[in-house]
Amino acid sequence: MVNQTRPLEGVRVIDMTRFVSGAYTGTLLAMLGADVIKIEVPTGGDPYRNQGTAFVDGESGLFTALNLGKRSVMLDLRSVDGLSALEALLSTADVFIENGRPGSLKRLGLDSASVTERYPRLVYGSISGYGQHGPDAGRGGFDLILQAEGGLMSVTGEPDSGPVKVGVPALDIGSAVSCALAIVAALYRRTSNDGTGAVVSSSLLEFAVSTFTSVAPAYFINGDVPGRIGSHSPTFAPYGAYRANDGYVVLAGAGSEDLWHRLCDAIDAPELIGDSRFVTNADRVAHLEHLIAELETRFTQNSRAYWMARLSEFGVPAAEVRDLGQVLSSPQVEALGQVQVDPANPNGQKIIGAPIQIDGPLPFPGPAPRLGEHTSQVLAELHVVRRAGR
C-alpha cells in the first residue's frame with residue numbers, strides 16, 4: 001500500500017548531480033519518499049560541501065539545503081570496481097538523474113541511450129543549461145548566464161538601472177521542479193504501459209522561456225518587446241510597488257476597472273477616476289510614469305500599516321514588501337509548515353520544506369548525508385537485492 005504522505009516510497013533514484021538544479025531535483029524526489037542515492041567521488045564529493053557562507057559542524061548549509069533525505073555513496077568512477085558498483089545500483093534503480101553537459105557521460109557508458117538500452121524500465125532524467133540538443137547544448141549553464149540569455153535580465157530592474165538578475169536562483173529551482181515533474185509523470189506512465197521507462201529532461205533555458213508565457217502574446221501579436229519597468233507590469237496598471245512613508249506597498253489586480261475605482265476611493269482620490277490618462281487599463285499602462293507619480297504622492301503620506309488596513313477595507317489586493325526573515329517568521333508560512341527541522345535533532349539546522357502539500361505538509365525527508373556515509377550500507381543492501389532477483 002502506498003504511503004499517502006510519501007507517494008514515491010519504494011522508488012530508487014540514483015543521483016549523479018551536483019550544484020543547485022540537479023541536487024534539488026533529487027531532494028524533491030526524496031521529499032516525496034523516494035530512496036535517493038547520491039553518487040559522490042572520493043576527491044571531496046559534491047563541490048557544494050565546501051561552498052557557501054554558512055556552515056554547521058563543518059558542513060555547508062548550502063549543501064545541506066539541497067541534499068536533504070539522500071544517502072551518500074562514494075565511488076571512484078575511474079576504476080573498474082567503481083563503475084561495476086554503479087552498474088549494479090542502476091540494475092536496481094527506477095530513476096537516474098544527472099546534470100552534466102550533454103554528451104559528457106557517454107565515455108562512461110552513462111548517456112541516456114546507453115543506460116536505457118541496458119535498463120529499459122529506467123526513467124533517465126537530465127538537467128542542463130541549454131537543453132539536450134541544438135547549437136548551444138554543449139555550453140555550461142549557470143543560473144546567472146541563463147538569466148541573461150533567457151531574457152529575464154532584460155525585463156528585471158528599473159528603466160535606468162541596467163540589467164539586474166533575480167535575487168534568487170530562480171532558473172535552477174524552476175528547472176529542478178520541472179525535471180521532478182517530468183520524472184513523476186514518466187513513472188506514472190510506466191505503470192500504465194508495458195513497463196518501459198523514458199528519457200526526460202529540463203533546462204534552465206526552457207524554464208526561462210516558459211516564464212514569459214503571459215508576456216509573449218504581446219510580442220507574437222504586436223511585436224512588443226518588453227523592457228525593464230521595475231516592479232511594474234507591461235500589461236496591467238496599477239500593478240507594482242509604491243512607496244509609503246516607511247517602506248513599500250505592492251498593488252496587484254487593479255488592472256480591472258472595478259478595482260481601479262475601489263483603489264481611488266481607498267486613497268481618497270476620486271478625481272483620478274475621470275482623468276483621461278487613466279480611464280482604462282490600456283490608458284493607465286500608456287501613462288504609467290504619470291500614474292506612479294500620482295499614486296506615490298498619496299501613498300507617501302502614510303505608513304504601510306495604514307495603507308494595508310485601508311486597502312483591505314476596500315477590497316484592493318495589496319501586500320507589504322517583506323525581507324526573508326519576515327517571510328520565514330510569518331504566521332502564514334508557519335501555518336503551512338514549510339520551515340522544518342529534523343525531529344531527531346530539534347536544535348539542528350532549519351530547512352525549507354517542499355513547495356507542495358499532499359494531504360498536508362510533506363514530512364521532513366531526513367538530514368543531508370556526510371560524504372560516503374552510506375557506502376557500506378547501500379552496497380550491502382545491493383547484494384541482498386540482487387540475490388532477491390530484482
Please lay out, stage by stage, how Val341 and Gln349 fare under the test side chain to side chain contact (heavy atoms under 4.5 Å, CB included).
CA-CA 6 Å; Val341 67; Gln349 178 183 335; over 6 Å; no
Pairing of Arg139 and Asp136 as salt bridge, 4.0 angstrom limit:
yes
Please answer whether the main-chain N or O of Leu110 pairs with a side-chain N or O of Ser114 as donor and acceptor at a distance below 3.5 Å.
no
Salt bridge check, Asp283 against Arg277: does any charged N sit closer than 4.0 Å to a carboxylate O?
no
How are the rings of Phe278 and Trp260 set relative to one another: parallel (under 30°), tilted (30 to 60°) or perpendicular (over 60°)?
perpendicular
So, do Ile37 and Ile39 sit near enough that their side-chain heavy atoms are less than 4.5 Å apart?
yes
Hey, mind stepping through His232 and Tyr242 against ring-ring contact (aromatic ring centres under 6.0 Å, His included) and telling me if it holds?
CA-CA 10 Å; His232 299 278; Tyr242 295 85; 5.1 Å; yes
Between Thr25 and Ile183, is any pair of side-chain heavy atoms under 4.5 Å apart?
yes
Can a salt bridge be assigned to the pair Arg310 and Asp268 using a cut-off of 4.0 Å between side-chain N and carboxylate O?
yes
Using a strict 4.0 Å threshold on nitrogen-to-oxygen distance, state whether Glu271 and Arg298 make a salt bridge.
yes
Do Arg49 and Glu59 meet the salt-bridge criterion of a basic N to acidic O distance under 4.0 Å?
yes
Only pairs at least two apart or in different chains count here, so list each side chain to side chain donor-acceptor pair (under 3.5 Å) that has a residue in residues 185-197.
Asp94-Arg190, Asp194-Thr196
Side chain to side chain contact (heavy atoms under 4.5 Å, CB included) between Val249 and Leu311, worked out
CA-CA 10 Å; Val249 170; Leu311 294 167; 4.0 Å; yes
If you measure from the Lys or Arg side-chain nitrogens to the Asp or Glu carboxylate oxygens, is any gap between Arg12 and Glu381 under 4.0 Å?
yes
Can you tell whether the side chains of Arg18 and Glu40 come within less than 4.0 Å, N to carboxylate O?
no
